[in-house]
Protein chains: 2
Amino acid sequence: MDPTTPSADLYQIIHRRRDVRAQFTGGAVAADSVTRILAAAHAAPSVGLTQPWDFILIREDATKQAFSRHVAEERAVFAALLDADRATRFSDIKIEGILESSLSIVVTYDSDRGAPAVLGRHAIADAGLYSVCLAIENLWLAATAEGYGVGWVSFYREAFLQQLLGIPEPIRPVAWLCIGPVTHLEERPDLERHGWRSRRALETAIHHERWSGPDD
Amino acid sequence: MDPTTPSADLYQIIHRRRDVRAQFTGGAVAADSVTRILAAAHAAPSVGLTQPWDFILIREDATKQAFSRHVAEERAVFAALLDADRATRFSDIKIEGILESSLSIVVTYDSDRGAPAVLGRHAIADAGLYSVCLAIENLWLAATAEGYGVGWVSFYREAFLQQLLGIPEPIRPVAWLCIGPVTHLEERPDLERHGWRSRRALETAIHHERWSGPDD
């Protein structure tokens, strides 16, 4: 990283950040780190200033065990959808570190907050959900800056998690995030290292003035 | 900010970031800043490493004028939903800086990328959309670090934008972002300064082990 780049810290963190599954040490997350991480998430932009997110901090083993069993079932559901080659490749890939990480944070979305007249949501129903994801990225970057790893687990059914954590309608869980100290962060994403998928070149994602086909 | 806090730059940027409407100067965004900002967005985590986002950079006046007219119409649609008190308050609030900012970036979501077997999306259809929002937050923080303001315009119909920019199905526009130099960033969000809505205390958003009602 060029040291003259403005706010090199931000860029270092953005490019160092990884989705962690296998590198959790099991160590604790410091209380003041948790506070700074959640404050960073809570400072995200949100449609109509609704701040429609909530954070459920989970440390109890029984909850993590129950979630872990459900995720294992969903892993099998996904595996059954794959052809033989992909299934073999998938079998080598660890998809979560629920039990190895000391803290889990479930981030939720409350569509009722600020409703009915949410400024900026009348034409785009998903805008509130988008806000929650902006908060999640802030959380992820902050945890990375604090020296922790974060892993987003998405092999679950929302209804299962609503029941497990007593989340009432219409509130939706958006993410289960595993957080904790790590031995290291890998330089390359797990899915790339395991040959599941390669990263796209940035150039292919950039268009000028109008959409141009991916092969233009 | 406590100088001993790790990565103070990140936290300064996260807490300084604003959704900008009225403070654009009309100046240009430096080309190397654009590259770093897009690289930051492109480094976001994504479900199944699909990187399902694209970035359409828009500088042409005709496109911005057409979008601006559409947004004005949607502003009127929203205003008509409000009671008299909210309508008065809303009338004072500027909701976009499309013409005053020199660069617009439309961020899109391609649900076909990596499909059908997207690792981590079989149980949560929206997971790909979530990835795009993580990229948007990276973009927003990077632009803030580079000294620019960003404003997310969400008063539009997706179908209008698809047609305006020639975006083919099933690709969805997720955000129209206005970017440019600003006179300053406000300390408080516009909607709070204009009395539309106050920010929540972080404490009200934190739950332990299970969901607890907002008033628990």
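Just so it is clear: chains get the letters A, B, ... in the order the sequence lines come, proteins before strands, and each one is counted from 1.
Heavy atoms closer than 4.5 Å to chain A are found in the side chain of B/T108, but not in its backbone. The part of B/D126 that comes within reach of chain A is its side chain, from C-beta onward, which places non-hydrogen atoms under 4.5 angstrom from that chain. There is no contact between B/R89 and chain A, counting heavy-atom distances below 4.5 Å. Residue B/V34: no heavy atom, backbone or side chain, is found under 4.5 Å from chain A. Neither the backbone nor the side chain of A/V71 comes within contact range of chain B; no heavy atom of the residue lies under 4.5 Å from a heavy atom of that chain. Within the 4.5 angstrom heavy-atom criterion, atoms from both the backbone and the side chain of B/P45 approach chain A. Of the atoms belonging to B/A201, it is backbone heavy atoms, and not side-chain ones, that fall under 4.5 Å from chain A. B/V132 does not touch chain A: none of its heavy atoms, backbone or side chain, sits under 4.5 Å away. Of the two parts of B/I206, the backbone and the side chain both hold a non-hydrogen atom closer than 4.5 Å to a non-hydrogen atom of chain A.
Inspection of the B/Y130 and A/E137 side chains reveals no N or O donor paired with an N or O acceptor under 3.5 Å.
The greatest number of non-hydrogen atom pairs below 4.5 Å with chain A, out of B/R75, B/R172, B/R18, is found for B/R172. Ranked by heavy-atom pairs under 4.5 Å with chain B, the first of A/V47, A/I124, A/D110 is A/I124. With chain A as the partner, the residue from B/P189, B/A175, B/A142 showing the most heavy-atom pairs under 4.5 Å is B/A142. Ranked by heavy-atom pairs shorter than 4.5 Å toward chain B, the options A/A135, A/G48, A/S104 are led by A/G48. In terms of non-hydrogen atom pairs under 4.5 Å with chain B, the most contact-rich of A/L141, A/D190, A/T144, A/D19 is A/L141. Comparing A/I136, A/T63, A/L119, A/I95 by how many heavy-atom pairs each has under 4.5 Å with chain B, the most go to A/L119. By number of non-hydrogen pairs under 4.5 angstrom with chain B, the leading residue of A/P168, A/A127, A/A44 is A/P168. The greatest number of non-hydrogen atom pairs below 4.5 Å with chain B, out of A/L82, A/T35, A/T50, is found for A/T50. Options B/H208, B/E192, B/E74 differ in how many heavy-atom pairs under 4.5 Å they form with chain A, and the most are formed by B/E74.
The shortest non-hydrogen separation linking B/A43 to A/R17 is O-NH2, 3.1 Å. Nearest approach of A/L49 to B/L191, heavy atoms of both residues: N-CD1, 3.8 Å. Shortest non-hydrogen contact noted between B/R200 and A/Q51 is N-OE1, 2.6 Å. Taking all atoms of both residues into account, the shortest heavy-atom contact from B/L38 to A/L202 is O-CD1, 3.8 Å. B/S154 and A/G120 get closest at one heavy-atom pair: OG-O, 2.8 Å. Of all heavy-atom pairs between B/A40 and A/I14, the closest is O-CG2, 3.7 Å.
Distance CD/A/E146 to CG/B/L10: 9.0 Å, rounded to 0.5 Å. Taking OG of B/S46 as the start and CH2 of A/W152 as the end, the distance is 10.5 Å to the nearest 0.5 Å.
Looking only at distances, no side-chain donor or acceptor of B/R86 sits under 3.5 Å from a matching main-chain atom of A/A117. A donor-acceptor contact shorter than 3.5 Å is absent between the side chain of B/H42 and the backbone of A/A205. Under the 3.5 Å distance criterion, the side-chain polar atoms of B/E60 are left unmatched by any main-chain donor or acceptor of A/E209.
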Practice item. Please test B/R113 against A/R197 for side chain to side chain contact (heavy atoms under 4.5 Å, CB included), starting from the C-alpha separation and ending with a verdict. Key: CA-CA 11 Å; B/R113 198 163 293 147; A/R197 202 173 158 81; 3.5 Å; yes
Practice item. Assess whether side chain to side chain contact (heavy atoms under 4.5 Å, CB included) is satisfied between A/F78 and B/R121, documenting all intermediate values. Key: CA-CA 9 Å; A/F78 179 68; B/R121 206 182 68 182; over 6 Å; no
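Among the residues in residues 52-59 of chain B, those with a non-hydrogen atom closer than 4.5 angstrom to a non-hydrogen atom of chain A are B/W53, B/D54, B/F55, B/I56, B/L57, B/I58, B/R59. Taking non-hydrogen atoms and a 4.5 Å limit, the residue list of residues 158-167 of chain B in contact with chain A, ordered by number, reads B/E158, B/Q163, B/L164, B/L165, B/G166, B/I167.
Annotation: side chain of A/W140 is not in contact with side chain of B/N138 (no heavy-atom distance under 4.5 Å).
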